[in-house]
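Residue numbers begin at 1 in each chain, while the letters A, B, ... track the order of the sequences. Since we're looking at a predicted model, the values are computed, not measured.
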Amino acid sequence: MVELVLFIIFGLAALFGAVTTVWARNPVYSALGLMLTLFSVAVFYVSNGAQFVAAVQVIVYAGAVMTLFLFVIMLVGVDRAEDRRENLPVQRPLALGLLVLFGAGVLVAGRFAWVTGAEGGRGAEGTVEALGSELFRRWVLPFELTALLLIIAAAGTVALGLFRRGEAEGGDEGEAGEGEEAP
Amino acid sequence: MTVNQFLILGALLFSLGVYGVLVRRNAVAVLLSIELMLAAVNINLVAFGSLLGDTLHTGHIFALFVITVAAAEVGIGLAIVILIFRNRSSANVDELDLMKW
């Protein structure tokens, strides 16, 4: 009962945050709405027994990634108005029709029991100890590949940040004048 | 506590994310909508892992991998957005027709 009340409260919060993310004209409001959604989703993780995933979600997503988003929003400019006029003629009513079809499909699919097995169990608790012992035994190769992916992404980000138009051949003096020669 | 409510919430969040990717013209808002879709996928993974009583924690571990890949994607994506903004002083995805044939 308590879980149902919590689900309703945080489900509405997550939906409100998602609608704000999609509809807000100011990108800062979009980022804050996504932050609300991510916090609500972390509550669902805890109610499903995934405590470590919830902690990672709050620290990595709602902390680091959203800070990065806010930095870039401030850099790119928050005050330029976004053109909301739609140039496509028939796609918007078509999309509404498809949305109704999809919602009906979801509601119909929700009436079937797709998963058989022991229902109602909260499953195994996703503590740090349990997840770590699985992650470093069974999933150690994907884990190392993830580390490789993160290194490649970090190096790619640095390389993209250092790129200048017109001086692709010699970038030795990249750090000296970091923003003065912007057009 | 069944799993259907989480699946319906995940479907709603995913649909909102798809709408945002298709409609928004600010490149940063498009990336935010992609994050919304990834959060919806994570809800499904964790909810199914809890429903099945998975002692191997496969759902949780896949959610962790999704979060990691999303972090890498956000880093690269925002670097590209800043680069585009530096070159064209605009982050509007409709004006990005450089690679259009």
### A:Val158, part contacting chain B, at a heavy-atom distance under 4.5 Å
neither
### Query
Which bit of B:Leu36 is near chain A, if near means a heavy-atom gap under 4.5 Å: side chain, backbone, both or neither?
both
#### Entry: Same apolar cluster (I L V M F W Y, side chains within < 4.5 Å links), B:Val41/B:Val46
yes
### Linked hydrophobic residues, B:Val69 as query - side chain contacts closer than 4.5 Å
A:Leu149
### Query
Looking at A:Ala130, A:Gly156, A:Gly11, which one has more heavy-atom pairs under 4.5 Å with chain B than the rest?
A:Ala130
### Query
What part of A:Thr21 is in contact with chain B, defined as an atom under 4.5 angstrom from a non-hydrogen atom: side chain, backbone, both or neither?
both
### Query
Between A:Tyr61 and chain B, which part of the residue has a heavy atom less than 4.5 Å away: side chain, backbone, both or neither?
side chain
### Query
Atom CH2 in A:Trp23, atom CZ in B:Arg24: separation rounded to 0.5 Å?
9.0 Å
### Query
Most heavy-atom pairs under 4.5 angstrom with chain A, which of B:Ile80, B:Ile67, B:Leu32, B:Ile76?
B:Leu32
### Residues, nucleotides or ligands: over 12 heavy atoms within 6.0 Å of A:Arg138 CZ
no
### Query
Out of curiosity, does A:Val28 fall in the hydrophobic cluster containing A:Val65 (side-chain heavy atoms, cut-off under 4.5 Å, transitive links)?
yes
### Query
Parallel, tilted or perpendicular: which fits the ring planes of B:Phe65 and B:Phe62, with parallel below 30° and perpendicular above 60°?
perpendicular
#### Entry: Side chain / backbone / both / neither for A:Ala64 at chain B, heavy atoms under 4.5 Å
neither
#### Entry: Which atoms of B:Leu83 approach chain A - backbone, side chain, both or neither, heavy atom under 4.5 Å
side chain
### Task
Output the option from B:Thr58, B:Leu78, B:Leu31 having the highest count of non-hydrogen pairs under 4.5 Å with chain A.
B:Leu78
### Query
Distance-only, no hydrogens or angles: does the A:Thr20 side chain make a donor-acceptor pair with backbone N or O of A:Ser30 under 3.5 Å?
no
### Query
Which bit of B:Ala29 is near chain A, if near means a heavy-atom gap under 4.5 Å: side chain, backbone, both or neither?
neither
### Message
Counting heavy-atom pairs closer than 4.5 Å to chain A, which one of B:Val21, B:Leu12, B:Ile43 comes out on top?
### Response
B:Ile43
### Message
Given heavy-atom pairs under 4.5 angstrom as the criterion, report whether the side chain, backbone, both or neither of A:Leu34 touches chain B.
### Response
side chain
### Summary
When the 4.5 angstrom heavy-atom criterion is applied to A:Leu38 and chain B, the contacting part is side chain
### Message
Heavy-atom cut-off 4.5 Å, strictly under: side chain, backbone, both or neither for B:Ile84 against chain A?
### Response
neither
### Message
Tell me whether B:Val93 shares a hydrophobic cluster with A:Val76, the cluster being built from Ile, Leu, Val, Met, Phe, Trp, Tyr side chains joined at under 4.5 Å.
### Response
no
### Task
Please flag which part of A:Phe71 lies under 4.5 Å from any non-hydrogen atom of chain B: side chain, backbone, both or neither.
neither
#### Entry: Cluster overlap A:Val108 with A:Val100, hydrophobic side-chain contacts below 4.5 Å
no
### Task
Would you confirm whether the ring centroid of A:Phe7 sits within less than 6.0 angstrom of the ring centroid of B:Phe6?
yes
### Query
chain B: which of A:Met66, A:Glu134, A:Gln91, A:Gln57 shares the most heavy-atom pairs with it under 4.5 Å?
A:Glu134
#### Entry: Validation row: A:Phe143, B:Ile61 side chains within 4.5 angstrom (heavy atoms)
no
### Task
Please state whether the side chain, the backbone, both or neither of B:Ser15 comes within less than 4.5 Å of a heavy atom of chain A.
side chain
